[in-house]
Structure formats: structure tokens, C-alpha cells
Amino acid sequence: MNKKRVVLLGSAGTGTAFAAACALRRVWSQSVVLIAMDINPAHLVTTALLADHFERVPLSASPEFSEVLLGILQRYAVDTYLPLFPEEIALVAQLRAEGHIPATVTVMAPPPAASLACADKWMLSQLL
């Protein structure tokens, strides 16, 4: 029996997360488990309608976010994580580089230096 892929969508209240959830459901239907997470409650997040599970999380800039995220990754045995806000992407890239996120989790984020540059418009403009 094939194990279902488990995908975590960060910033689930965004249109990008909703589009990702729609595409995942259209292509893989029920052969993928979708977990949506957002700072807002589920009833305010349209992506929650397409998700199998919903987690309300603190802001990615808050000190509690990393611990909550790592708990979600472990609890649901997440295979793939798609962070969407620049600050979330930069934090997750750093967590991955430091070895806090298991190597079995595919994180859809660039390396820390690129992630930090994308989160800082001034730095990015200087690099470009």
C-alpha cells in the first residue's frame, strides 16, 4: 500500500495557498493529505475547506512559531512544506540549514542567504 504524501501549506489565508491546494486536489485528489496553517481561525481561511487538517499558528515573526511549526511537521509526518510569506521562508530556510527540520521533509524554499535577501527589499535591490 502506498503512503499518501503529506503537504503542509503555510500562510493558508493567501490566494497562493488556495491555488496550491486547488492544484493539489485537482491532480492528486484524495491521494494527498493537506494540512493548512494560518494565523487566522479556520472559518476565515478558504483553504481550510480543501484541507484535511487545519492548524492555527502564531505569526512567523513570533518566538513561538518555530516550536509550533516543528511540532506540526512531526505530528503529521509532513513530507513537503510550502512556506509563503518572505519572513516565514527565511526562518524555515534557516531552520533547515541548522538541521532542525528533518531531511525527509522537502522544504520549498531557497537557501538561507537567498531567503533573507528576498525578505529584505533593500538588501535584494543592492544585490540586483
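Bear in mind that the values here come from a model prediction, so they are computed numbers and not experimental data.
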*Give the cluster check for Phe18 versus Phe85: same hydrophobic cluster or not, with ILVMFWY residues linked at side-chain heavy-atom distances below 4.5 Å.*
no

*Point-to-point distance, once rounded to the nearest 0.5 Å, from NE2 of His43 to CG of Leu49*: 12.0 Å

*Roughly how far, to the nearest 0.5 Å, is CG of Leu9 from CE of Met108?*
11.0 Å

*Check Ile89 against Pro83 and note the closest heavy-atom contact, atom names and distance.*
CG1-O, 3.7 Å

_Shortest non-hydrogen separation from Ala42 to Ala48 and the atoms involved_ = O-CB, 3.8 Å

_Close side-chain approach of Ile72 and Val57, heavy atoms under 4.5 Å_ = yes

*Does a donor on one side chain sit under 3.5 Å from an acceptor on the other, for Thr80 and Arg5?*
yes

_Pair Asp79, Lys4 - check salt bridge (Lys or Arg N to Asp or Glu O under 4.0 Å), show working._
CA-CA 9 Å; Asp79 298 308; Lys4 291 182 177 183; over 6 Å; no

*For residues Ala20 and Leu82, report the shortest heavy-atom separation together with the two atoms involved.*
CB-CD2, 4.0 Å

*Heavy-atom pair of closest approach, residues Leu84 and Gly10*: CD1-O, 3.3 Å

_Within 6.0 angstrom of Tyr76 OH, more than 12 heavy atoms from elsewhere_ = yes

_side chain to side chain donor-acceptor pair (under 3.5 Å) against His100, all qualifying residues, sequence neighbours excluded_ = Glu98

*Begin with the C-alpha distance, continue with both residues' side-chain angles, and end with the deciding distance and a verdict on side-chain contact (heavy atoms from CB on, under 4.5 Å) for Phe54 and Ile35.*
CA-CA 6 Å; Phe54 181 84; Ile35 298 112; over 6 Å; no

*Find out if a path of hydrophobic residues (ILVMFWY) with successive side-chain heavy-atom gaps under 4.5 Å connects Trp28 to Val33.*
no

*asked:* Nearest 0.5 angstrom please: Asp38 CG to Thr47 OG1, how far?
replied: 8.0 Å

*Nearest 0.5 Å, what's the OG1-CD1 distance between Thr106 and Ile101?*
11.0 Å

*Of Val92, Thr104, Val78, which is the lone residue that meets side-chain contact (heavy atoms from CB on, under 4.5 Å) with Leu73?*
Val78

*With rounding to the nearest 0.5 Å, note down the distance linking CD in Glu87 to OG in Ser62.*
12.0 Å

*Please walk me through it: do Arg25 and Asp52 pass salt bridge (Lys or Arg N to Asp or Glu O under 4.0 Å)?*
CA-CA 11 Å; Arg25 285 289 180 228; Asp52 297 294; 2.7 Å; yes

*So, for Leu50 and Cys22, which heavy atoms are closest and what is the spacing to 0.1 Å?*
CD1-SG, 3.7 Å

_Is there a side-chain contact between Val6 and Leu8 in this structure, where contact means two heavy atoms from C-beta onward sitting under 4.5 Å apart?_
no

*Taking side chain to side chain donor-acceptor pair (under 3.5 Å) as the test, write out the residues that go with Arg56, two or more places apart.*
none

_Tell me the closest heavy-atom pair linking Pro41 and Val45, and the distance in Å._
O-CG2, 3.5 Å

_Reported CD1-to-OG distance for the pair Ile39 and Ser60, which is rounded to 0.5 angstrom_ = 8.5 Å

*asked:* Quick one, Leu69 with Tyr81, criterion side-chain contact (heavy atoms from CB on, under 4.5 Å). Give me CA distance, side-chain angles, the key distance, then yes/no.
replied: CA-CA 10 Å; Leu69 171 64; Tyr81 171 36; 3.8 Å; yes

*Would you please test Leu91 and Phe65 for side-chain contact (heavy atoms from CB on, under 4.5 Å) and show each step?*
CA-CA 10 Å; Leu91 174 65; Phe65 180 78; 3.4 Å; yes

*asked:* Go through it in stages, so that I can follow the logic: the residues are Arg75 and His53, the test is side-chain contact (heavy atoms from CB on, under 4.5 Å), and I'd like the CA-CA distance, side-chain angles, deciding distance and then a yes or no.
replied: CA-CA 11 Å; Arg75 184 169 45 259; His53 306 281; over 6 Å; no

*Check whether any side-chain N or O of Thr14 sits under 3.5 Å from a backbone N or O of Ala17 as a donor-acceptor pair, and report yes or no.*
yes

